[in-house]
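Data block below; observations after.
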Protein chains: 2
Amino acid sequence: MNNLVEGVLKRNRVALSKTITAVENEYEEAAEIMTEIYPHTGNAYVIGITGSPGAGKSTLTDKLAKEYRRRGKTVGIVAIDPTSPYSGGAILGDRIRMMDLISDPGIFVRSMATRGSLGGLSQKSGDAVKLMDAYGMDVIIVETVGVGQSEVDIIKTADTTMVVAVPGGGDDIQAIKAGILEIGDLFTINKADREGAEKLNIELEMMLHLGGTEGKAWLPPINRTVASKNEGVVAVVDSIEEHKKYLIESNQLEKVRANRIKSEVIAMLSDKVNRYIDEKIVATDDFAKTIAKLKTREIEPYSVVDKIINNVLK
Amino acid sequence: MNNLVEGVLKRNRVALSKTITAVENEYEEAAEIMTEIYPHTGNAYVIGITGSPGAGKSTLTDKLAKEYRRRGKTVGIVAIDPTSPYSGGAILGDRIRMMDLISDPGIFVRSMATRGSLGGLSQKSGDAVKLMDAYGMDVIIVETVGVGQSEVDIIKTADTTMVVAVPGGGDDIQAIKAGILEIGDLFTINKADREGAEKLNIELEMMLHLGGTEGKAWLPPINRTVASKNEGVVAVVDSIEEHKKYLIESNQLEKVRANRIKSEVIAMLSDKVNRYIDEKIVATDDFAKTIAKLKTREIEPYSVVDKIINNVLK
């Protein structure tokens, strides 16, 4: 067995950190690590937290983690940095906020930058979750910005998904509309001491009940928090636990998890194929010549693509 | 030649509308249409507009279109709706706002929903641009929400990319940080009569000049607008035209367009392969059995994926 994997299973923090780095940077041993880790996964409860930038997700995540600690649970946090795919760096604030948590051995926080393809990121964040799971974390919180298909894909794989909204300007509801309303198992209005919290609450309720409430086994609760003052956090954890109970009792949890595995495998397949296209096709001189001909309109892209596909797929 | 294509080339609005519908809904004739259209493309100037939800992109786009009309240019608008990938509908407001423009035969507005995969959307919006281009629109504006890799990918292919920011709450800069700072050829602070416009301007300038301004051939200008009052719109169009001039004089435009074609072909390849995976692998009974075994941890996904890939790729 890989030394690092052995370390993770023995709950060695340094080993956990190193394996996540190996996965994130695609070190050669990453595949070996994940292959050996896999049989030891499947025990953690995964919570996805999403919402627009500035909704206070990070602060809320920290407070939720502390509440879970108070309840005797160990907590892993995978924070997906909304940093540029170009510059690559992590937001300093995120690094700083962790300092507060880092002294607790029952919490492990890992920030992952969105550099490179988000397709790859979805796999990497999933691998980080698996590593924390195998390490023995009871609860793992994955936190990411919620606008954009790729981010939604990442969050969708959680057992319980929470959407964080924030009052202000009347524009907030637009952000929520942008593809994340349907994935929320619960909603939290953070910064609820701001003007407009009541209005946002009503709007959210209206949107959630748009199709009627009848026959729906789970109605997403809407909680209000002021995470910076630790207000309302206990109720949010209660709601998450209620949702977990609902999933277990209705046999939904097994389905959610089968879907997660399915999504992961599809993402891995897609990623591999895209890499293959990048390396074996796009990087060739032939491809450069094709682009030049397309530019002058000598040829057209639709038959070019068909030809390449026929050469690539069995 | 396809009848609809003939119609588009003869500047028939109904034909243009129908071809875009054919592309959006993947009608059988879509490939034929795009193959025949391609030689007639490459003349329009493509402007990408992006920014957080609520930044007022739609209103600004409308005003820019009108200013271009005043300057004697015809304008196509491709508005990518930030609607749910699940519910599929388009935001009503977007439909309504078009009514104002629709009476002008020199403007054509098309809203595209983000239902289904964004990968596919990127191709479809690119096809809509090509159709408007072949129709003879001088300027084509592509407008989309700017957070998320896929949206960024769509906007990146424009000749000139404008990022729209909006003052308020101090959280706005986070949205801009989220991967779109580097793609802005120009920045517009909309709703600039709001408090915080000056602060946002300073922050933006600081971020843009972070690496120093020396040796940079193009420094993104920051304009301020109140689009709803048509304030500052002329200056924005001037900035776009300046950027266009810069691209032409520095021979960058050709590079930008070659890159656009390259991105398009790669997206088409990736989309085709992913469809293949969906249809030929994911939909099979074998795959369902594999997922079940993965769930019980009998097998692990990394070698499963390798095996599938070996069966699929030549």
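Below, read A as the first sequence line, B as the second, and so on, with proteins coming before strands; counting in each chain starts at 1. The figures that follow rest on heavy atoms only: side chains count, while hydrogens, waters and symmetry mates do not.
- Here CG of A/Asn274 is found 5.5 Å from CG of B/Asn274. Values are rounded to the nearest 0.5 Å.
- With contacts defined as side-chain heavy-atom distances shorter than 4.5 Å, the pair B/Glu264/A/Pro301 does not qualify.
- Interface summary for chain A: among B/Met268, B/Lys280, B/Glu298, the most heavy-atom pairs under 4.5 angstrom belong to B/Met268.
- Between B/Lys262 and A/Leu294 the shortest side-chain heavy-atom distance does not fall below 4.5 Å.
- With a threshold of 4.5 angstrom between heavy atoms, A/Ser303 does not approach chain B through any atom at all.
- Looking only at side-chain heavy atoms (C-beta outward), A/Glu36 and B/Glu300 stay at 4.5 Å or farther from each other.
- In this structure, the side chains of B/Tyr302 and A/Ile37 stay at 4.5 Å or more apart for every pair of heavy atoms.
- Heavy-atom minimum distance, A/Lys272 versus B/Ile309: CB-CD1, 3.7 Å.
- Proximity of A/Phe287 to B/Val265: side-chain heavy atoms (C-beta onward) are separated by under 4.5 Å at one or more points.
- When heavy atoms are compared at a cutoff of 4.5 Å, A/Ile299 approaches chain B solely by way of its backbone atoms N, CA, C and O.
- A/Arg297 places no side-chain N or O within 3.5 Å of a backbone atom of B/His40 that could act as its donor or acceptor partner.
- Looking at B/Ile277, the atoms closer than 4.5 Å to chain A (heavy atoms on both sides) all sit in the side chain, from C-beta outward.
- Other residues, nucleotides and ligands place more than 12 heavy atoms under 6.0 Å from the CG atom of A/Asn311.
- The OG1 atom of B/Thr290 lies 11.5 Å from the CD1 atom of A/Ile261; values are rounded to the nearest 0.5 Å.
- When heavy atoms are compared at a cutoff of 4.5 Å, B/Asn259 does not approach chain A at all.
- Among B/Ile266, B/Asp306, B/Thr41, the residue making the largest number of heavy-atom pairs under 4.5 Å with chain A is B/Thr41.
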